[in-house]
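For reference, the structure is listed below as structure tokens.
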Amino acid sequence: MTGLRTDLYELRMAASYLRRGMTEPATFSLFVRRLPHRRGFLVAAGLAEALDFLESFAFDDDELGYLRDEVGLDEPTLTALAGLRFTGDVQAVPEGRVVFADEPLLEVTAPIAEAQLVETGVLNLITFHTTVASKAARCRLAAGDAQLIDFAFRRTHGIEAGAGVARASAIAGFAATSHVEAARRYGLQPSGTMAHSYVEAFPDERAAFRAFAADFPANPIFLVDTYDTPAGVRAAVDVIAELGLTGPVAVRLDSGDLAALARQARAILDEAGLRHARIVASGSLDEDVIAGIVAQGAPIDGYGVGTRMGVSYDAPSLDSAYKLVAYGERPVLKLSPGKATLPGPKQVFRDPTGASGDVVGLRDEPPPAAGREPLLVPVMRGGRRLEAADPAGEVRAARDRFAADLAWLPDAARRLADPVPLTATVSPALTALHDRVAAQLGGVRTY
């Protein structure tokens, strides 16, 4: 059950709505107010997990007992919560799509108590996954044609976060993950080598490499920097020759000047006739480090990226919000300085040529120009998904969408340093609605 996975104020507001018979549909819009520093775009992610959360939302007897005894909810409210399930509709940007500031990633329409109660969970899931996918996308841009592997699990902020990082990074083009359960759950490629402790457990590197290759001859990857990296590469070469390994092999560099060591390793491998052997690098990598290595022309075939991607080290969260935009037939807004919102259910219209920025308009208005693509699509109706859950298929489809959007993205927005994001404009119809609602409240235009 997930009913208590919310903030207390959500429960108190929902209880107040229920006591007053406020059951009309409310629409809440989830968006990011501004992009983090050095981000030229975001990658939408976390929708599948959010839909899982919504479908399972309920209160069990123990949770209801806690709300009675510790929170002080009365019996009529507890009775209402006991039968409460999420019965609403959801429109969302499909996972893997590139999005920008002030554009709804998701809109929930449901009886107001339901829509209020699920705010915290939905906002948490969409924010976390989008944050990580966006960081992983920058690593994908930096790495060029090199393979990327998710090594983040041991440093993510929680066990379930590790699986989320594996999934989000896969959407952004990572080829594999060290997280075995995430690989199983989402149909990803599991990947792993050995640790320095394995090498240290044997009398010397050759003994360690010999044992590892004998046990895993199909695709051994030798960690060669435990003692002296060039000597480690030579030890790997000797073991490959000794065991007659003819299939895929690789060496991994995990410390030191990775670009210089990669050139040394490549020379040793090539001299031994192992031109097919790959070089994988790891160790405190992010998009900036990878870009620097690539700029030096280092012969590295793959990068294992861990902590800095898994916690989105330089931008660990987003300025995301989940705001009421309509209650019943009445559009609503905020006029708070710096936190103003636009009223009404919305749509985002995209120019497929990339020549101009997105347009945020009303959900029921026609596209502002021929060929403009609406980004938000229906994904849930009456509290049930419109398509059955398919964890592996959803990741594959999201990865394809990301690849297409990354190719579409203007060069200025793709830059790692000083990117220039596309700026969404507001349609005339939405502008007129905003001005009318603001005038009724005695406010002025705030965007």
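In Arg154, the CZ atom is not crowded: 12 or fewer heavy atoms of neighbouring residues, nucleotides or ligands sit closer than 6.0 Å. Annotation: Arg12, atom CZ; neighbour count of heavy atoms from other residues, nucleotides and ligands within 6.0 Å does not exceed 12. Within 6.0 Å of the CD atom in Glu387, the count of heavy atoms belonging to other residues, nucleotides or ligands does not exceed 12.
Of the N and O atoms on the side chains of Thr120 and Glu10, at least one donor lies less than 3.5 Å from an acceptor on the other residue. No side-chain donor-acceptor contact under 3.5 Å links Thr87 and Arg384.
Judged as a ring-ring contact (aromatic ring centres under 6.0 Å, His included), the pairs with a partner in residues 289-340 (not counting sequence neighbours) are, in order, Phe28-Tyr322. Counting only residues at least two apart or in different chains, ring-ring contact (aromatic ring centres under 6.0 Å, His included) contacts with residues 178-198 comprise Phe153-His179, Tyr198-Phe202, Tyr198-Phe212.
In this structure, Glu49 pairs ionically with Arg167, as a charged nitrogen and a carboxylate oxygen lie closer than 4.0 Å. Of the charged side-chain nitrogens involved, none lies within less than 4.0 Å of a carboxylate oxygen, so that Arg140 and Glu287 do not count as a salt-bridged pair. The existence of a salt bridge linking Arg278 and Asp301 is excluded, since no basic side-chain nitrogen approaches an acidic carboxylate oxygen closer than 4.0 Å. Taking 4.0 Å as the cut-off between side-chain N and carboxylate O, Arg381 and Asp89 do not count as a salt-bridged pair.
For Ser134, the side-chain hydrogen bond (donor to acceptor under 3.5 Å, both in side chains) criterion is met by no residue, not counting sequence neighbours. Take Glu373 and apply the salt bridge (charged side-chain N to carboxylate O under 4.0 Å, His left out) test, not counting sequence neighbours, and it matches Arg97. Applying the side chain to side chain contact (heavy atoms under 4.5 Å, CB included) criterion to Ala137, with sequence neighbours excluded, gives Phe41, Val43, Ala172, Phe402. For Asp254, the salt bridge (charged side-chain N to carboxylate O under 4.0 Å, His left out) partners two or more places apart in sequence, or in a different chain, are Arg252.
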